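Since the structure is predicted, the reported quantities are computational estimates derived from the model, not experimental observations. By convention in this document, chain letters (A, B, ...) are assigned in the order of the sequence lines, proteins followed by strands, and residues within each chain are numbered from 1. What you see below is based on every heavy atom in this structure, not just the backbone, and it leaves out hydrogens, waters and symmetry mates.
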Number of protein chains: 2
Amino acid sequence: MAQTKRDQDRAEKRDEIIAAARTLFIETGYEDTSISRLAAAAGVAPNTIYWYFKDKDEVLVAVLDAEFSDGMAEYLQLPVTDAAERLFWVVQRLERVSRLVSTVHSRLEASEAINLWHERFHTISEGILRVSLQHAGLSSDRIETRTKISVFTMEGLLAHPMSEADKRIICRELVTA
Amino acid sequence: MAQTKRDQDRAEKRDEIIAAARTLFIETGYEDTSISRLAAAAGVAPNTIYWYFKDKDEVLVAVLDAEFSDGMAEYLQLPVTDAAERLFWVVQRLERVSRLVSTVHSRLEASEAINLWHERFHTISEGILRVSLQHAGLSSDRIETRTKISVFTMEGLLAHPMSEADKRIICRELVTA
DNA sequence: GGATCGCCTTGAATGACATTCAACAGACAA
DNA sequence: TTGTCTGTTGAATGTCATTCAAGGCGATCC
């Protein structure tokens with residue numbers, strides 16, 4: 001069990017780095033958060049980060065996993081049943097991490113790890129959205145197309161600021177047959 | 001007129017740098033094209049670039065202007081009248097420069113110049129799209145919303161690879177009342 | 001209890017990058 | 001000829017992600 005204790009310490013330290021990165025990446029941005037700054041926030045030397053992560057992108061993936069898992073938990077507990085409102089909630093929730101969204105898209109080419117995470121994220125999100133649209137009563141032959149349009153539109157809403165009212169109208173239109 | 005000759009020389013050299021940047025940014029990507037590489041391609045020393053442009057982002061803006069102006073000229077001469085096909089053409093055309101599209105989005109925060117260009121681009125594009133959608137017979141109270149959905153969807157199509165057939169179906173759906 | 005092993009940490013490189021600086025060349029004007 | 005303005009450049013500067021080599025320290029074995 002000694003090995004397990006070691007593993008636990010290791011996991012804890014890793015989590016501390018992820019926690020620091022989470023705040024910094026979301027508030028300051030990924031590009032503007034240097035490994036030095038991240039290390040300082042986590043209370044270690046810059047190169048210590050590389051003992052726990054292969055590179056900076058892998059830190060980002062860990063942050064994304066943590067953030068996605070939290071967001072998903074919140075989504076599953078939503079009391080709202082109206083499809084348009086659920087869509088709107090997701091947009092608002094994602095807006096908090098809109099910096100990460102745009103970072104992920106900009107690093108797709110450069111990092112295989114980010115690319116994999118992104119694909120997995122889209123698969124899961126589209127699956128959920130598909131159910132939402134079926135529930136909203138869309139004809140089945142258009143579900144696939146409308147799912148993709150909805151995902152892309154939501155990404156657009158995140159990248160381009162807009163009033164809450166406009167966002168609501170757009171979400172409503174997305175689930176209208 | 002001596003001053004004018006000078007200005008012309010200056011404009012020509014600037015254009016040579018833009019031409020080199022255009023190829024490199026599109027084929028290699030903005031981030032992966034260092035000022036050194038760009039300078040080598042243009043046949044000058046790296047710091048000479050800074051005599052003609054304030055910074056790397058300003059080179060990008062010049063490339064975007066050139067590319068947009070060419071694309072717009074092609075669009076205006078399109079023989080196709082079907083709204084969905086015109087949309088599809090735009091997506092295919094923009095795909096050639098999809099790297100630039102994602103670079104612009106990732107640099108919105110960092111560069112005011114890019115931000116301005118992006119806003120201008122959206123204003124113009126949405127204007128054209130609005131006309132297209134009106135032409136396709138959409139009810140006027142939904143035009144605004146559908147315009148935004150269409151723009152965002154087209155951006156999504158650029159960022160996420162997909163078969164031509166799927167893209168066609170999505171473009172068709174966008175202009176369907 | 002002392003030697004050994006492997007996990008962890010770090011100071012100090014390395015190489016790439018965008019950008020700036022100071023010096024210098026050549027054309028034109030006085 | 002002298003001086004000024006436009007261009008050009010080699011050589012910094014400071015920042016970044018990442019790597020390397022050296023060592024500390026706790027657990028394990030004798």
Side-chain angles (χ1 to χ4, degrees), chain A residues 1-18 20-21 24-25 28-63 99 103-104 106-114, chain B residues 1-18 20-21 24-25 28-63 99 103-104 106-114:
Chain A
M1 293 299 112
Q3 187 69 5
T4 303
K5 173 74 163 68
R6 270 286 169 97
D7 286 354
Q8 192 179 332
D9 284 355
R10 182 178 172 83
E12 272 172 24
K13 193 99 188 191
R14 206 183 128 102
D15 286 345
E16 281 171 30
I17 297 174
I18 295 173
L24 286 170
F25 287 176
T28 313
Y30 176 79
E31 327 272 356
D32 291 347
T33 301
S34 70
I35 292 286
S36 294
R37 270 172 69 87
L38 170 55
V44 295
N47 40 1
T48 298
I49 307 286
Y50 291 90
W51 182 255
Y52 294 94
F53 300 92
K54 190 172 133 297
D55 54 23
K56 202 182 169 187
D57 286 306
E58 211 183 75
V59 181
L60 177 56
V61 168
V63 168
R99 272 199 159 98
T103 299
V104 164
S106 77
R107 296 204 57 72
L108 284 180
E109 267 192 87
S111 160
E112 184 58 21
I114 301 286
Chain B
M1 295 298 113
Q3 188 69 4
T4 303
K5 173 71 164 67
R6 269 289 170 96
D7 286 355
Q8 191 179 332
D9 284 355
R10 183 178 171 83
E12 273 172 24
K13 194 98 188 190
R14 208 183 125 101
D15 286 346
E16 281 170 30
I17 296 173
I18 296 173
L24 285 170
F25 287 176
T28 313
Y30 177 79
E31 329 272 358
D32 291 349
T33 300
S34 69
I35 291 285
S36 294
R37 270 173 68 86
L38 170 56
V44 295
N47 40 359
T48 298
I49 306 286
Y50 292 90
W51 183 255
Y52 294 94
F53 300 91
K54 189 173 133 296
D55 54 23
K56 203 182 168 187
D57 285 305
E58 211 182 76
V59 181
L60 178 55
V61 168
V63 167
R99 272 197 158 98
T103 299
V104 165
S106 76
R107 296 204 57 72
L108 284 180
E109 267 192 87
S111 160
E112 185 57 24
I114 301 284

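- For the pair A:Thr103 (side chain) and A:Arg99 (backbone), a donor-acceptor distance under 3.5 Å is present.
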I'd like to know whether B:Tyr50 forms a side-chain contact (heavy atoms from CB on, under 4.5 Å) with B:Ile35, so could you lay out the CA-CA distance, the side-chain angles of the two residues, the decisive distance to 0.1 Å, and finally the verdict.
CA-CA 10 Å; B:Tyr50 292 90; B:Ile35 291 285; 3.7 Å; yes
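- Residues B:Glu31 and A:Glu109 fail the side-chain proximity criterion, which asks for heavy atoms closer than 4.5 Å.
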Distances under 3.5 Å only, N/O to N/O: pair up the protein atoms with those of nucleotides 17-21 of chain C.
unit_1 : atom_1 : unit_2  : atom_2 : d
C:dA18 : OP1    : B:Lys56 : NZ     : 2.8
C:dA18 : OP2    : B:Ile35 : N      : 2.8
C:dT19 : OP2    : B:Tyr50 : OH     : 2.7
C:dT19 : OP2    : B:Lys56 : N      : 3.0
C:dT19 : O5'    : B:Tyr50 : OH     : 3.3

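- Residues A:Val59 and A:Ala21 come closest through the heavy atom pair CG1-CB, 3.6 Å.
- Side-chain nitrogen and oxygen atoms of A:Thr48 include at least one within less than 4.0 Å of the OP1 or OP2 phosphate oxygen of C:dT10.
- One can place CZ of A:Arg14 at 17 Å from C1' of C:dT9, the figure rounded to the nearest angstrom.
- In terms of phosphate contacts, B:Trp51 brings no side-chain nitrogen or oxygen within less than 4.0 Å of OP1 or OP2 of D:dT8.
- Rounded to an integer number of Å, the gap from A:Ile49 CD1 to C:dC8 P is 15 Å.
- The side chain of B:Arg10 places an N or O atom within less than 4.0 Å of a non-bridging phosphate oxygen (OP1 or OP2) of D:dG7.
- When the side-chain nitrogen and oxygen atoms of B:Lys13 are compared with OP1 and OP2 of D:dT6, none of them lie within a distance under 4.0 Å.
- There is a side-chain donor-acceptor pair under 3.5 Å between B:Asp57 and B:Tyr30.
- Under a 3.5 Å cut-off, the side chain of B:Thr48 and the backbone N or O of B:Val44 do not form any donor-acceptor pair.
- At a threshold of 4.0 angstrom between heavy atoms, the contacts of B:Tyr52 are confined to the sugar-phosphate backbone, with no base atom among them.
- Rounded to whole angstrom, the span from the CZ atom of A:Phe53 across to the C1' atom of D:dA17 amounts to 15 Å.
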